[in-house]
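Taking it in order: structure first as structure tokens, then the write-up.
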Amino acid sequence: MSFKSFKLLRLVVVVILGILVTWAAANGNPWIPIPAVIAATIILLLFRRGVKEVIVDERTFSIAYKASRVAFVIFGVGAVTIGTTLLALGKAGQPDLKPIGFTLSYSICALVLIYSIAYSYYNRKFGGKE
Amino acid sequence: MPSARINNRIRRLRFDHDEMTQEELASRVGCTRQTIIALEQGKYVPSIELAFKIARAFAVTLEEVFQYEE
């Protein structure tokens with residue numbers, strides 16, 4: 001299978017998945033979305049195996065690495081700024097904003113923790129001191 | 001810190017090898033055509049592994065493909 005055909009099939013699968021999930025949400029059916037997402041993932045993985053061309057290479061990884069770094073920094077700075085602002089506003093008489101502030105603050109803590117663990121793992125893997 | 005640049009002769013070498021297409025080179029070295037395009041435009045510097053693969057695809061040494069300029 002060529003990469004072009006794969007992209008077309010991927011689009012079809014995503015559209016069908018979108019229709020199914022929307023239909024399930026509109027009808028209040030919670031049992032369709034999860035199996036549909038799992039089935040779509042499996043189908044896409046099978047299609048991808050059939051592609052003979054190289055889809056992902058070192059340049060793609062390099063781009064993904066740089067994009068993740070930028071996303072990490074933007075999300076980090078944004079979440080800290082907005083989170084602390086919301087917490088301050090929460091203390092200043094708008095208690096509804098407090099939970100959002102806490103959620104943002106904890107999510108950035110979790111992100112930094114996951115980053116630290118992943119960094120430590122790859123540092124050891126690639127010869128860093130323990 | 002002085003800026004350094006890695007130039008390459010991939011386009012020239014492709015033409016010298018029976019006008020090998022970017023697609024064919026990409027398939028020989030196991031990367032995407034977009035990577036070959038980026039290399040030829042000097043927008044991307046390959047890993048040592050990919051550089052060796054490209055040199056071997058043309059049956060030349062690494063320095064005949066890539067030149068390091070300070």
Side-chain angles (χ1 to χ4, degrees), chain A residues 1-15 17 40-75 77 114-130, chain B:
Chain A
M1 184 193 300
S2 71
F3 185 47
K4 251 185 184 175
S5 315
F6 170 72
K7 281 203 284 190
L8 185 69
L9 285 169
R10 186 174 61 185
L11 184 69
V12 171
V13 170
V14 169
V15 168
L17 180 67
T41 310
I42 292 168
I43 290 167
L44 285 177
L45 282 173
L46 290 174
F47 281 154
R48 196 174 163 165
R49 277 189 186 173
V51 179
K52 297 277 186 288
E53 295 166 50
V54 177
I55 301 174
V56 176
D57 66 0
E58 60 172 53
R59 188 178 137 272
T60 325
F61 284 123
S62 170
I63 293 166
Y65 158 75
K66 281 178 182 156
S68 324
R69 297 269 311 180
V70 171
F72 182 79
V73 171
I74 291 172
F75 179 76
V77 172
I114 293 166
Y115 175 82
S116 306
I117 293 167
Y119 185 90
S120 173
Y121 170 77
Y122 284 112
N123 188 33
R124 280 182 199 177
K125 190 178 175 183
F126 294 116
K129 282 184 185 173
E130 289 189 23
Chain B
M1 191 176 164
S3 61
R5 187 175 160 75
I6 295 177
N7 297 316
N8 69 72
R9 295 176 56 240
I10 295 174
R11 183 170 289 181
R12 178 77 257 162
L13 287 161
R14 276 199 305 111
F15 284 114
D16 291 346
H17 283 74
D18 298 328
E19 299 193 4
M20 185 192 289
T21 61
Q22 291 171 330
E23 190 76 56
E24 196 182 336
L25 178 60
S27 128
R28 280 195 195 188
V29 300
C31 70
T32 61
R33 193 170 78 88
Q34 282 70 31
T35 298
I36 301 296
I37 293 167
L39 285 169
E40 288 187 356
Q41 291 175 345
K43 287 182 178 171
Y44 177 68
V45 176
S47 67
I48 293 176
E49 188 183 0
L50 182 59
F52 270 111
K53 282 181 181 172
I54 292 168
R56 284 187 186 173
F58 293 124
V60 293
T61 62
L62 200 59
E63 289 202 320
E64 283 177 83
V65 187
F66 298 97
Q67 295 83 40
Y68 179 70
E69 287 178 11
E70 271 187 74

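Values in this document were obtained by computation on a predicted structure and should not be read as measured data.
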Please check if atom [atom1] in [X] has more than 12 non-hydrogen atoms from other residues, nucleotides or ligands closer than 6.0 Å.
{"X": "Phe75(A)", "atom1": "CZ", "value": "yes"}
{"X": "Phe52(B)", "atom1": "CZ", "value": "no"}
{"X": "Ile48(B)", "atom1": "CD1", "value": "no"}

Please enumerate all residues that pass side-chain hydrogen bond (donor to acceptor under 3.5 Å, both in side chains) together with Arg49(A), with sequence neighbours excluded.
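Result, side-chain hydrogen bond (donor to acceptor under 3.5 Å, both in side chains) vs Arg49(A): none returned.
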Sort Ala26(B) into side chain, backbone, both or neither according to what part of it lies under 4.5 angstrom from a heavy atom of chain A.
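Neither the backbone nor the side chain of Ala26(B) comes within 4.5 Å of chain A.
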Using only distance (under 3.5 Å, no hydrogens or angles), which donor-acceptor pairs connect chain B and chain A?
from	atom 1	to	atom 2	distance (Å)
Asp57(A)	OD1	Thr35(B)	OG1	3.4
Asp57(A)	OD2	Thr32(B)	N	3.0
Asp57(A)	OD2	Thr32(B)	OG1	3.1
Asp57(A)	OD2	Thr35(B)	OG1	2.4
Glu58(A)	OE1	Ser47(B)	OG	2.4
Glu58(A)	OE2	Tyr44(B)	OH	2.8
Glu58(A)	OE2	Ser47(B)	N	2.8

